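Because the structure is a prediction, the values reported are computed rather than measured.
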Amino acid sequence: MNGKSSERAATQPPEHAVEESAEWQAVWHGLHRALRGKWAMHVLRLLFEGPRGFNEMRRELDGPTAKTLSERLTELRCHGLVERRVEATSPPSTRYELTPAGRQFVGVLRELEAEVDLVECGCAEDCEVATVDAERTAAATEECC
């Protein structure tokens, strides 16, 4: 092997590392797509407490429009996190609940919830930043605002 070939080999990651990188990046992009919709995480958190009807969720979340909530529920169903049940009552009622996989997933998010603090960002507006290290975040937000 000549000097340039060995130098190039030393600076390029092994093929399996590139494949692993592409794999975890695809997973993280997928997570972002699944959870990025406005109110998606709120819906998951609420359904972790138990099944809910559509209007019940709208009241408890106090914010999403019917269209937005409907879109989020459809997306979360497509991702396998939420299921919809139509109950044979008069009139028929629809209930939403987490799937077993959704319950496990949100359980992990609930564990993360305990690790997060809210820190005032220090800018002129009334805003907070979610952080896992309140001291460092407070120091960094002073530099940013």
Between T99 (side chain) and G80 (backbone), is there a donor-acceptor pair under 3.5 Å?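 Here the side-chain-to-backbone pair exists.
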Donor-acceptor pair, distance only, cut-off 3.5 Å: does the side chain of R103 make one with the backbone of F48?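 Looks like yes, one N/O pair under 3.5 Å.
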Please examine the side chains of V82 and L44, heavy atoms only from C-beta on, and report whether any two atoms are closer than 4.5 Å.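 Counting from C-beta outward, L44 and V82 do come under 4.5 Å.
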Just wondering, more than 12 heavy atoms not from E128 lying within 6.0 Å of its CD?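 Atom CD in E128 is packed in, count exceeds 12.
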Supply the atom-to-atom distance R72 CZ to K67 NZ, rounded to the nearest 0.5 angstrom.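 Going from the CZ atom of R72 to the NZ atom of K67 covers 9.5 Å.
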Out of curiosity, L109 CG to L35 CG, how far, rounded to the nearest 0.5 Å?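 The distance works out to 6.5 Å.
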What residues, two or more places apart in sequence or in another chain, satisfy salt bridge (charged side-chain N to carboxylate O under 4.0 Å, His left out) together with [X]?
X: E113; value: R45, R110
X: R85; value: E87, E97
X: E83; value: none
X: R33; value: none

Where at least one partner belongs to residues 55-66, residue pairs that pass side chain to side chain donor-acceptor pair (under 3.5 Å), sequence neighbours excluded: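 Qualifying pairs, neighbours excluded: R52-E60, E56-R95, T65-T68.
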By ring pair (Phe, Tyr, Trp, His ring centres under 6.0 Å), which residues pair with H79, not counting sequence neighbours?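 Not a single residue meets the ring pair (Phe, Tyr, Trp, His ring centres under 6.0 Å) criterion with H79.
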